[in-house]
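Working notes for the structure below.
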Amino acid sequence: MNRFEPNLRIPGPTALPPSVRVAGARQMINHRGAEFATVLERVIGRMKPYFGTSSDVVILSCAGTGGLEAAIVNVLSPGDRVLAVSIGAFGDRFAKIATTFGANVTKLAVEWGEAADPAAIRAALAEEPAPGYRAVLLTHNETSTGVMNPIPILAAAIREVDESALILVDSVSALGAVPFEMDGWGIDVVVTGSQKAWMAAPGLAMVAASERAWAAMETATMPRFYLDLHAHRDSHTKGQTPWTPALAVLFQVDEGLELMTQEGASAIFARHEACAAAARAGLVALGFELFADQRFASRTVTAARVPEGLDWKTFNASVKSRGLILAGGQGKVAGHVFRLGHLGSVTLGEILDAIGILEEASIEHRRPVDAGAAVAAAQRAALEAIGSLTAVGA
Ligand code: PLP
């Protein structure tokens, strides 16, 4: 971010650190050679702790949606009963993928802005006649609403009623930014994407599967070829990918992980927490109503309602002209919600800049704001969230 570059505050693709950009411009290498094998092994080795698993992680060349499709088609068969817990646009997408490939899907739709309710999930599972659901689909961070589901609580609720259902989690916009314990929480498949917390360009999806999920793949019959996880795992054992990988993006993810290793996971998580707290407090101080149930506020994206009477198009044009890029609303809240992303390489300085620009645009649009108060509120909230600003000052 500088005078010649906008403050890109959408929830992915996220801004690339300078060294990540350079990594993406590297000369190609032989993807069947030893150098590639070294990069692949390093990336998977450094990424695994963020999944919290000792099982195998594979790297697919596709968008996050491809990772979600891989999760579905590798462990399920047409006709399988699936409980899709949807709290927004991405939960709906996960359900749609399962339906598209012939799963028999029951959707547990939650009001947008709310998190999933463990009691409602328990009740839905209990209602299902034997042999029960084959899989439950969960969204970790619902990017369309700014809600972060309490995955360990939901997973525990599922396990109370159903020991055997596979739990598939879309963590495209959360993993790497917040703690995750796939093995400890009993999750079977987790999906993430290169353009979110990993600070790289779009193009790679990373998928981890539990031993139980790998076993389920032996009998699952949904059609798959390009996204076959077994083919990827087999190829990875030889230091390769089955098809030509998005090599430039892999170089970027490798460099992103180098930066993440230097910073350390706990500092990364604290930075995201501080930036999220600042974003929320700043927006509230500017008179915006937050969209999400704040008990489950996301640590990677904040959604706010467009106030009654504010012409969003002209307001957003003022914001953009000052160098701040926000995301609009998705699906049924398009035009009613705007979103501020705070994941990946985000710093507190960038969030304070965003709040300052929103304040300037608010003053220009004669919204009643107390000049200077929102940035101060944001900074104070960041400090209160983590007790120190050292982790976010970079
Ligand atoms: N799931 C979630 C929660 C997301 O935020 C996104 C993208 O924003 C996706 C899935 C889809 O990822 P992609 O756009 O890379 O296909």
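Just follow the structure's listing: the first ligand is 1, and inside any ligand the first atom is 1. Every value quoted in this text rests on a predicted model; they were computed, and no experiment measured them.
- For atom 8 (O) of ligand 1, the nearest protein heavy atom (residue, atom name, distance) is Lys196 NZ, 2.6 Å.
- Remark: the backbone N or O of Ile59 is paired with a side-chain donor or acceptor of His236 at under 3.5 angstrom.
- Which parts of ligand 1 touch Gly64 is read off a 4.0 Å heavy-atom cut-off, strictly below it: atoms 12 (O), 13 (P), 15 (O), 16 (O).
- Using cut-offs of 30° and 60° on the angle between ring planes, the pair Phe51 and Trp198 is parallel.
- Those atoms of ligand 1 that come under 4.0 Å of a heavy atom in Gln195, given as number and element, are 13 (P), 15 (O).
- Looking at ligand 1, you won't find any N or O of Leu68 less than 3.5 Å from one of its N or O atoms.
- Two rings, from His230 and Trp214, have their centers less than 6.0 Å apart.
- A ring-centre distance under 6.0 Å is not found for Phe291 and Trp112.
- The N/O atoms of Asn141, backbone and side chain alike, include none that comes under 3.5 Å of an N/O atom in ligand 1.
- In terms of protein heavy-atom proximity, atom 6 (C) of ligand 1 is nearest to Phe90 CE2, 3.2 Å.
- At least one heavy atom of Arg93 sits closer than 4.0 Å to an atom of ligand 1.
- Taking every heavy atom of Thr143 and a limit of under 4.0 angstrom, the matching atoms of ligand 1 come to 2 (C), 3 (C), 4 (C), 5 (O).
- In this structure, Phe338 has its ring center under 6.0 Å from that of Phe288.
- What sits closest to atom 1 (N) of ligand 1 on the protein, heavy atoms only, is Asp170 OD2, 2.6 Å.
- Close contacts of ligand 1 with Ala63, meaning ligand atoms under 4.0 Å from a residue heavy atom, involve 13 (P), 15 (O), 16 (O).
- Within the listing of ligand 1, atoms 3 (C), 5 (O) sit less than 4.0 angstrom from a heavy atom of Ser173.
- No donor-acceptor distance shorter than 3.5 angstrom exists from the side chain of Gln252 to the backbone of Arg21, with no hydrogens or angles considered.
- Distances shorter than 4.0 angstrom do not occur between any heavy atom of Glu142 and any atom of ligand 1.
- Side-chain contact, Thr139 with Asp170: no donor N or O sits under 3.5 Å from an acceptor N or O.
- Without hydrogens or angle criteria, Arg81 side chain to Asn104 main chain gives a donor-acceptor distance under 3.5 Å.
- Those atoms of ligand 1 with a heavy atom of Thr65 less than 4.0 angstrom away are 11 (C), 12 (O), 13 (P), 16 (O).
- Between the side chains of Asn30 and Arg32, no donor-acceptor pair is found at a separation under 3.5 Å.
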